[in-house]
Trainee: 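Structure provided below as C-alpha coordinates; questions to follow.
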Amino acid sequence: MSWHRGTLVGFDLETTGTDVENDRIVTAALVRLDPDGTVAGQRTWLLDPGVVIPEQASAIHGIGTDHARKHGARAASAVEEIARAVAEVLCSDVPLVVMNARYDLSLLDRECRRYGLPSVEERVGGAPSPVIDPLVIDKHVDKYRKGKRALQALCDHYGVTLDGAHDASADAVAAVRVVRRMGERHRPVATLPPDELHALQIRAAAEQSASLQAYLRRTTDPAAVVESAWPVIPRVR
(Lines give C-alpha, C1' and ligand atoms only; values in the text may rest on other atoms or scores of the structure.)
Protein backbone atom coordinates (compact mmCIF):
# COMPACT_ATOMS: atom_id res chain seq x y z
CA MET A 1 0.00 0.00 0.00
CA SER A 2 1.30 3.45 -0.93
CA TRP A 3 2.29 5.67 2.01
CA HIS A 4 -0.42 8.24 1.25
CA ARG A 5 -3.11 5.61 1.84
CA GLY A 6 -1.77 4.56 5.23
CA THR A 7 -1.65 6.07 8.69
CA LEU A 8 0.21 9.38 8.87
CA VAL A 9 1.10 11.67 11.79
CA GLY A 10 1.18 15.43 11.39
CA PHE A 11 3.45 17.62 13.50
CA ASP A 12 3.34 21.39 13.83
CA LEU A 13 4.80 24.14 16.01
CA GLU A 14 3.72 27.71 16.63
CA THR A 15 6.58 29.80 17.93
CA THR A 16 7.89 33.19 19.01
CA GLY A 17 9.47 33.91 15.62
CA THR A 18 11.32 32.47 12.64
CA ASP A 19 14.90 32.13 13.93
CA VAL A 20 15.59 28.47 14.69
CA GLU A 21 18.64 29.34 16.78
CA ASN A 22 16.94 31.75 19.15
CA ASP A 23 13.15 31.50 19.01
CA ARG A 24 10.99 29.31 21.23
CA ILE A 25 8.04 26.94 21.01
CA VAL A 26 4.67 28.33 22.12
CA THR A 27 2.34 25.53 21.02
CA ALA A 28 2.85 22.10 19.47
CA ALA A 29 0.65 19.33 18.12
CA LEU A 30 1.01 15.73 17.00
CA VAL A 31 -2.07 14.41 15.20
CA ARG A 32 -2.53 10.84 13.93
CA LEU A 33 -4.81 10.39 10.92
CA ASP A 34 -6.17 7.00 9.92
CA PRO A 35 -6.17 5.89 6.27
CA ASP A 36 -9.75 7.12 5.89
CA GLY A 37 -8.69 10.61 6.96
CA THR A 38 -10.25 10.64 10.42
CA VAL A 39 -8.29 11.91 13.40
CA ALA A 40 -7.40 8.86 15.48
CA GLY A 41 -5.57 10.68 18.24
CA GLN A 42 -3.72 13.84 19.06
CA ARG A 43 -1.46 15.45 21.63
CA THR A 44 -1.16 19.19 22.08
CA TRP A 45 1.05 21.40 24.20
CA LEU A 46 0.93 25.02 25.34
CA LEU A 47 4.25 26.26 26.70
CA ASP A 48 5.43 29.20 28.71
CA PRO A 49 8.45 29.86 26.48
CA GLY A 50 10.24 31.82 29.19
CA VAL A 51 10.51 34.93 27.01
CA VAL A 52 8.16 37.65 25.86
CA ILE A 53 6.15 36.55 22.84
CA PRO A 54 6.49 39.31 20.21
CA GLU A 55 3.26 40.99 19.14
CA GLN A 56 3.89 39.95 15.53
CA ALA A 57 3.94 36.29 16.57
CA SER A 58 0.90 36.64 18.84
CA ALA A 59 -1.01 38.21 15.97
CA ILE A 60 -0.40 35.07 13.92
CA HIS A 61 -1.14 32.28 16.40
CA GLY A 62 -3.21 34.15 18.98
CA ILE A 63 -1.14 33.32 22.07
CA GLY A 64 0.10 36.26 24.11
CA THR A 65 2.77 36.36 26.80
CA ASP A 66 0.35 36.68 29.73
CA HIS A 67 -1.76 33.74 28.55
CA ALA A 68 1.31 31.55 28.01
CA ARG A 69 2.71 32.41 31.44
CA LYS A 70 -0.60 31.68 33.16
CA HIS A 71 -1.62 28.53 31.33
CA GLY A 72 1.52 27.18 29.67
CA ALA A 73 3.64 24.27 30.88
CA ARG A 74 7.22 24.76 31.97
CA ALA A 75 9.21 24.83 28.73
CA ALA A 76 11.84 22.26 29.66
CA SER A 77 9.34 19.58 30.66
CA ALA A 78 7.11 20.24 27.64
CA VAL A 79 10.05 20.11 25.21
CA GLU A 80 11.02 16.75 26.72
CA GLU A 81 7.50 15.44 26.11
CA ILE A 82 7.38 16.78 22.56
CA ALA A 83 10.77 15.36 21.59
CA ARG A 84 9.93 11.99 23.15
CA ALA A 85 6.57 11.86 21.36
CA VAL A 86 8.10 12.75 17.98
CA ALA A 87 10.80 10.11 18.45
CA GLU A 88 8.17 7.50 19.31
CA VAL A 89 6.35 8.21 16.04
CA LEU A 90 9.54 7.88 14.01
CA CYS A 91 10.52 4.67 15.79
CA SER A 92 7.13 3.21 14.91
CA ASP A 93 7.94 3.67 11.19
CA VAL A 94 4.86 5.84 10.68
CA PRO A 95 5.78 8.77 8.40
CA LEU A 96 5.89 12.14 10.15
CA VAL A 97 4.35 14.93 8.07
CA VAL A 98 5.83 18.37 8.77
CA MET A 99 5.17 21.46 6.72
CA ASN A 100 8.54 23.19 6.28
CA ALA A 101 10.26 20.51 8.37
CA ARG A 102 13.58 22.33 8.12
CA TYR A 103 12.13 24.98 10.44
CA ASP A 104 10.01 22.98 12.90
CA LEU A 105 12.40 20.08 13.43
CA SER A 106 15.45 22.36 13.65
CA LEU A 107 13.77 24.60 16.22
CA LEU A 108 12.79 21.54 18.28
CA ASP A 109 16.41 20.38 18.07
CA ARG A 110 17.62 23.75 19.42
CA GLU A 111 15.06 23.70 22.21
CA CYS A 112 16.40 20.30 23.27
CA ARG A 113 19.92 21.71 23.32
CA ARG A 114 18.75 24.77 25.28
CA TYR A 115 17.43 22.59 28.10
CA GLY A 116 20.12 19.92 28.03
CA LEU A 117 17.77 17.25 26.65
CA PRO A 118 18.46 14.46 24.14
CA SER A 119 17.55 15.57 20.63
CA VAL A 120 15.15 13.62 18.44
CA GLU A 121 18.19 12.51 16.44
CA GLU A 122 19.81 11.12 19.59
CA ARG A 123 16.59 9.42 20.63
CA VAL A 124 16.11 7.60 17.32
CA GLY A 125 19.78 6.89 16.69
CA GLY A 126 20.12 8.91 13.51
CA ALA A 127 18.54 11.63 11.43
CA PRO A 128 14.74 11.88 11.87
CA SER A 129 13.17 9.68 9.20
CA PRO A 130 10.83 9.12 7.45
CA VAL A 131 9.66 12.71 7.23
CA ILE A 132 7.27 13.99 4.56
CA ASP A 133 7.34 17.73 3.90
CA PRO A 134 4.55 19.10 1.68
CA LEU A 135 6.57 22.24 0.94
CA VAL A 136 9.56 20.32 -0.43
CA ILE A 137 7.44 17.85 -2.35
CA ASP A 138 5.26 20.52 -3.94
CA LYS A 139 8.29 22.46 -5.14
CA HIS A 140 9.72 19.23 -6.55
CA VAL A 141 6.66 18.02 -8.44
CA ASP A 142 5.47 21.45 -9.63
CA LYS A 143 8.59 23.60 -9.59
CA TYR A 144 7.48 26.19 -12.14
CA ARG A 145 4.06 27.00 -10.65
CA LYS A 146 3.85 30.66 -9.71
CA GLY A 147 2.42 31.96 -6.46
CA LYS A 148 2.78 31.35 -2.76
CA ARG A 149 3.44 27.93 -1.24
CA ALA A 150 2.56 28.54 2.39
CA LEU A 151 0.22 25.96 3.93
CA GLN A 152 -2.93 27.94 3.17
CA ALA A 153 -1.85 28.29 -0.47
CA LEU A 154 -1.15 24.56 -0.73
CA CYS A 155 -4.54 23.80 0.81
CA ASP A 156 -6.19 26.02 -1.79
CA HIS A 157 -4.23 24.41 -4.63
CA TYR A 158 -4.92 20.82 -3.54
CA GLY A 159 -8.52 21.36 -2.44
CA VAL A 160 -8.03 20.91 1.30
CA THR A 161 -10.03 22.86 3.88
CA LEU A 162 -7.93 24.56 6.54
CA ASP A 163 -10.03 25.55 9.53
CA GLY A 164 -8.16 27.64 12.08
CA ALA A 165 -4.89 28.43 10.30
CA HIS A 166 -1.91 28.81 12.66
CA ASP A 167 -3.52 26.58 15.24
CA ALA A 168 -0.95 23.81 15.61
CA SER A 169 -3.53 20.98 15.49
CA ALA A 170 -5.37 22.42 12.50
CA ASP A 171 -2.13 22.99 10.60
CA ALA A 172 -0.89 19.46 11.36
CA VAL A 173 -4.13 17.92 10.07
CA ALA A 174 -4.10 20.10 6.96
CA ALA A 175 -0.49 19.18 6.16
CA VAL A 176 -1.38 15.48 6.24
CA ARG A 177 -4.40 15.98 4.02
CA VAL A 178 -2.33 18.01 1.55
CA VAL A 179 0.34 15.31 1.18
CA ARG A 180 -2.38 12.72 0.66
CA ARG A 181 -3.73 14.79 -2.22
CA MET A 182 -0.19 15.12 -3.56
CA GLY A 183 0.11 11.35 -3.51
CA GLU A 184 -3.15 11.02 -5.41
CA ARG A 185 -2.06 13.50 -8.10
CA HIS A 186 1.60 12.56 -8.45
CA ARG A 187 2.01 8.82 -8.82
CA PRO A 188 5.85 8.82 -9.09
CA VAL A 189 5.96 10.27 -5.56
CA ALA A 190 3.17 8.07 -4.21
CA THR A 191 4.81 4.83 -5.32
CA LEU A 192 8.09 5.49 -3.50
CA PRO A 193 8.58 3.71 -0.17
CA PRO A 194 8.78 6.25 2.69
CA ASP A 195 12.54 5.85 3.11
CA GLU A 196 13.13 6.51 -0.60
CA LEU A 197 10.75 9.48 -0.51
CA HIS A 198 12.73 10.84 2.45
CA ALA A 199 15.98 10.51 0.49
CA LEU A 200 14.38 12.21 -2.52
CA GLN A 201 13.40 15.18 -0.33
CA ILE A 202 16.96 15.56 0.97
CA ARG A 203 18.15 15.94 -2.63
CA ALA A 204 15.20 18.09 -3.68
CA ALA A 205 15.55 20.45 -0.71
CA ALA A 206 19.23 20.95 -1.48
CA GLU A 207 18.47 21.67 -5.15
CA GLN A 208 15.72 24.13 -4.20
CA SER A 209 18.02 25.96 -1.81
CA ALA A 210 20.77 26.17 -4.41
CA SER A 211 18.32 27.59 -6.94
CA LEU A 212 17.03 30.21 -4.49
CA GLN A 213 20.56 31.15 -3.46
CA ALA A 214 21.60 31.62 -7.07
CA TYR A 215 18.52 33.79 -7.71
CA LEU A 216 19.17 35.98 -4.67
CA ARG A 217 22.83 36.41 -5.63
CA ARG A 218 21.81 37.48 -9.13
CA THR A 219 19.12 39.91 -8.03
CA THR A 220 19.37 41.35 -4.52
CA ASP A 221 22.20 39.96 -2.39
CA PRO A 222 25.51 38.84 -3.92
CA ALA A 223 26.48 37.23 -0.60
CA ALA A 224 23.21 35.36 0.06
CA VAL A 225 23.49 31.91 1.64
CA VAL A 226 20.44 29.62 1.73
CA GLU A 227 20.55 26.60 4.03
CA SER A 228 20.54 23.33 2.08
CA ALA A 229 20.23 20.72 4.84
CA TRP A 230 16.89 18.98 5.39
CA PRO A 231 15.01 18.03 7.57
CA VAL A 232 17.25 19.38 10.37
CA ILE A 233 19.76 22.19 10.03
CA PRO A 234 23.07 21.09 11.63
CA ARG A 235 23.95 22.80 14.87
CA VAL A 236 26.70 25.37 14.87
CA ARG A 237 29.50 23.97 17.01
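All values reported here derive from a predicted model rather than from experimental measurement.
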Trainee: Step by step, work out the salt bridge (Lys or Arg N to Asp or Glu O under 4.0 Å) result for Glu80 and Arg123.
Mentor: CA-CA 11 Å; Glu80 165 62 29; Arg123 294 168 196 264; 2.7 Å; yes
Trainee: Provide the closest heavy-atom pair for Val94 versus Leu8 in the form atom of the first, atom of the second, distance.
Mentor: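 Val94 and Leu8 have their closest heavy atoms at CG1-CA, 4.1 Å.
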Trainee: Taking all non-hydrogen atoms of both residues, which atom of Ala57 and which atom of Thr16 are closest, and how far apart?
Mentor: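 Shortest heavy-atom contact: CB-O, 3.6 Å.
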Trainee: Shared ILVMFWY cluster between Met182 and Val97, side chains joined below 4.5 angstrom?
Mentor: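 Yes, one cluster joins them.
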Trainee: With the threshold set at 4.0 Å, does a side-chain nitrogen-carboxylate oxygen contact exist between Glu21 and Arg114?
Mentor: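 A salt bridge is absent here (no side-chain N lies under 4.0 Å from a carboxylate O).
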Trainee: Quick one: are Tyr158 and Arg185 in side-chain contact, heavy atoms under 4.5 Å?
Mentor: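 Yes; the side chains approach each other to less than 4.5 Å.
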Trainee: What is the minimum heavy-atom distance between Cys91 and Val124, and which atoms define it?
Mentor: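 Closest pair (atom of Cys91, atom of Val124, distance): SG-CG1, 3.8 Å.
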Trainee: State, to 0.1 Å, how close Val232 and Ala229 come at their nearest heavy-atom pair, and which atoms those are.
Mentor: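 Of all heavy-atom pairs spanning Val232 and Ala229, the closest is O-CB, 3.8 Å.
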Trainee: Less than 4.5 Å apart, any side-chain heavy atom of Val176 and any of Val9?
Mentor: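 No; the side chains remain at least 4.5 Å from each other.
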Trainee: Report the C-alpha separation of Gln42 and Leu30 in whole Å, then their side-chain angles, then the decisive distance to 0.1 Å, and conclude whether the side chain to side chain contact (heavy atoms under 4.5 Å, CB included) test is met.
Mentor: CA-CA 5 Å; Gln42 65 177 321; Leu30 271 173; over 6 Å; no
Trainee: What's the separation between atom CD in Glu121 and atom CG in Leu90, rounded to the nearest 0.5 Å?
Mentor: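 Rounded to the nearest 0.5 Å, the CD-CG separation comes out at 11.5 Å.
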Trainee: Do Asp12 and Leu151 have side chains that get closer than 4.5 Å, going by heavy atoms?
Mentor: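 Asp12 does not reach Leu151 side chain to side chain.
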Trainee: In terms of hydrophobic clusters joined by side-chain contacts under 4.5 Å, are Ile202 and Val179 together?
Mentor: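 Each belongs to a different hydrophobic cluster.
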Trainee: If only atom types and distance count, is the side chain of His4 paired as donor or acceptor with the main-chain N or O of Arg181 below 3.5 Å?
Mentor: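 Here the side-chain-to-backbone pair does not exist.
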Trainee: Are Tyr103 and Val226 connected in a single hydrophobic cluster, I mean Ile/Leu/Val/Met/Phe/Trp/Tyr linked by side-chain heavy atoms less than 4.5 Å apart?
Mentor: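 No; tracing contacts between hydrophobic side chains, which count when under 4.5 Å, never links both residues.
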Trainee: Is a side-chain donor or acceptor of Arg235 paired with a backbone partner of Asp109 at a separation under 3.5 angstrom?
Mentor: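 Yes; at least one donor-acceptor contact below 3.5 Å.
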Trainee: Are the side chains of Arg102 and Asn100 in touch, meaning some heavy atoms are under 4.5 Å apart?
Mentor: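 A side-chain contact exists here, since the closest heavy-atom pair is under 4.5 Å.
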Trainee: Hey, is the main chain of Asp34 close enough, under 3.5 Å, to the side chain of Thr7 for a donor-acceptor pair?
Mentor: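 No.
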Trainee: Just how far is it from atom NE2 of His71 to atom CG of Asp66, taken to the nearest 0.5 Å?
Mentor: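 CG of Asp66 is found 9.5 Å from NE2 of His71.
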Trainee: With distance as the sole test, does Trp3 use its side chain to make a donor-acceptor pair with the main-chain N or O of Arg180 at under 3.5 Å?
Mentor: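 Such a contact is absent between Trp3 side chain and Arg180 backbone.
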Trainee: Pair up each side-chain donor or acceptor in residues 192-201 with any protein partner under 3.5 Å, not counting sequence neighbours, and list the distances.
Mentor:
residue	atom	partner	partner atom	Å
His198	ND1	Val131	N	3.1
Gln201	OE1	Asp133	N	2.7
Gln201	NE2	Val131	O	2.8
Gln201	NE2	Leu197	O	3.2

Trainee: Verify the cluster assignment for Leu162 and Val98: are they in a single hydrophobic cluster under the rule of side-chain heavy atoms below 4.5 Å apart?
Mentor: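 Leu162 and Val98: separate clusters.
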Trainee: Measure the OG-OH distance between Ser77 and Tyr115 for me, rounded to the nearest 0.5 Å.
Mentor: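 Here the rounded value is 9.5 Å.
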Trainee: For Ile63 and Ser58, run side chain to side chain contact (heavy atoms under 4.5 Å, CB included): C-alpha distance rounded to whole Å, both residues' side-chain angles, the deciding distance at 0.1 Å, then the answer.
Mentor: CA-CA 5 Å; Ile63 307 296; Ser58 296; 5.7 Å; no
Trainee: Is there a donor-acceptor pair closer than 3.5 Å between any side-chain N or O of Arg145 and the backbone N or O of Val141?
Mentor: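 Not at all, since once roles are kept as given, no pair shorter than 3.5 Å links the two residues.
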Trainee: Should the heavy atoms of other residues, nucleotides or ligands under 6.0 Å from CZ of Arg84 be counted, would the total exceed 12?
Mentor: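 More than 12 heavy atoms, drawn from other residues, nucleotides or ligands, come within 6.0 Å of this atom.
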Trainee: Examine Leu96 and Val20 and state if one hydrophobic cluster contains both, with Ile, Leu, Val, Met, Phe, Trp and Tyr joined whenever side-chain heavy atoms are less than 4.5 Å apart.
Mentor: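 Yes, Leu96 and Val20 fall within the same hydrophobic cluster.
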Trainee: Would the distance check show the side chain of Thr27 and the main-chain N or O of Trp45 forming a donor-acceptor pair, the cut-off being under 3.5 Å?
Mentor: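 Not confirmed, Thr27 side chain does not pair with Trp45 backbone.
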Trainee: Between Asp23 and Asp19 (side chain of the first, backbone of the second, donor and acceptor by atom type, cut-off under 3.5 Å), is there such a pair?
Mentor: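 It does hold such a pair.
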Trainee: I'd like to know if the side chain of Ser119 and the backbone of Glu122 have a donor-acceptor N/O pair within less than 3.5 Å.
Mentor: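 Flag set: sc Ser119 to bb Glu122 pair under 3.5 Å.
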Trainee: Under a 3.5 Å distance rule, please check whether Glu111 uses its side chain to pair with a backbone N or O of Ile25 as donor and acceptor.
Mentor: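 Looks like yes, one N/O pair under 3.5 Å.
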Trainee: Tell me the closest heavy-atom pair linking Ala224 and Gln213, and the distance in Å.
Mentor: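 Answer, listing the atom of Ala224 first, then Gln213: O-CG, 3.4 Å.
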Trainee: Can you list the steps and then say if Thr44 with Leu46 is a side chain to side chain contact (heavy atoms under 4.5 Å, CB included)?
Mentor: CA-CA 7 Å; Thr44 60; Leu46 169 65; over 6 Å; no
Trainee: Could you tell me which non-hydrogen atom of Val173 sits nearest to which non-hydrogen atom of Val31, and how far apart they are?
Mentor: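 In terms of heavy atoms, the two residues are closest at CG2-CG1, 3.6 Å.
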Trainee: Measure the spacing between NE2 of His186 and CG of Asp138 and express it to the nearest 0.5 Å.
Mentor: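 Going from the NE2 atom of His186 to the CG atom of Asp138 covers 7.0 Å.
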Trainee: Arg32 versus Val39: any side-chain heavy-atom pair under 4.5 Å?
Mentor: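 The answer is no; the side chains never approach within 4.5 Å.
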Trainee: Counting distance only, does the side-chain N/O of Gln208 pair as donor-acceptor with the main-chain N or O of Val136 below 3.5 Å?
Mentor: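 A pair under 3.5 Å: yes.
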Trainee: Rounded to the nearest 0.5 Å, what's the gap from CE on Met99 to CG on Leu135? Could you check?
Mentor: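 Spacing of CE (Met99) from CG (Leu135) equals 4.5 Å.
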Trainee: Side chain to side chain contact (heavy atoms under 4.5 Å, CB included), that's the test. Do Val26 and His61 meet it? Break it down for me.
Mentor: CA-CA 9 Å; Val26 178; His61 53 60; 4.1 Å; yes
Trainee: What distance do Ile137 atom CD1 and Leu154 atom CG have between them, rounded to the nearest 0.5 Å?
Mentor: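 Result: 10.5 Å between the selected atoms.
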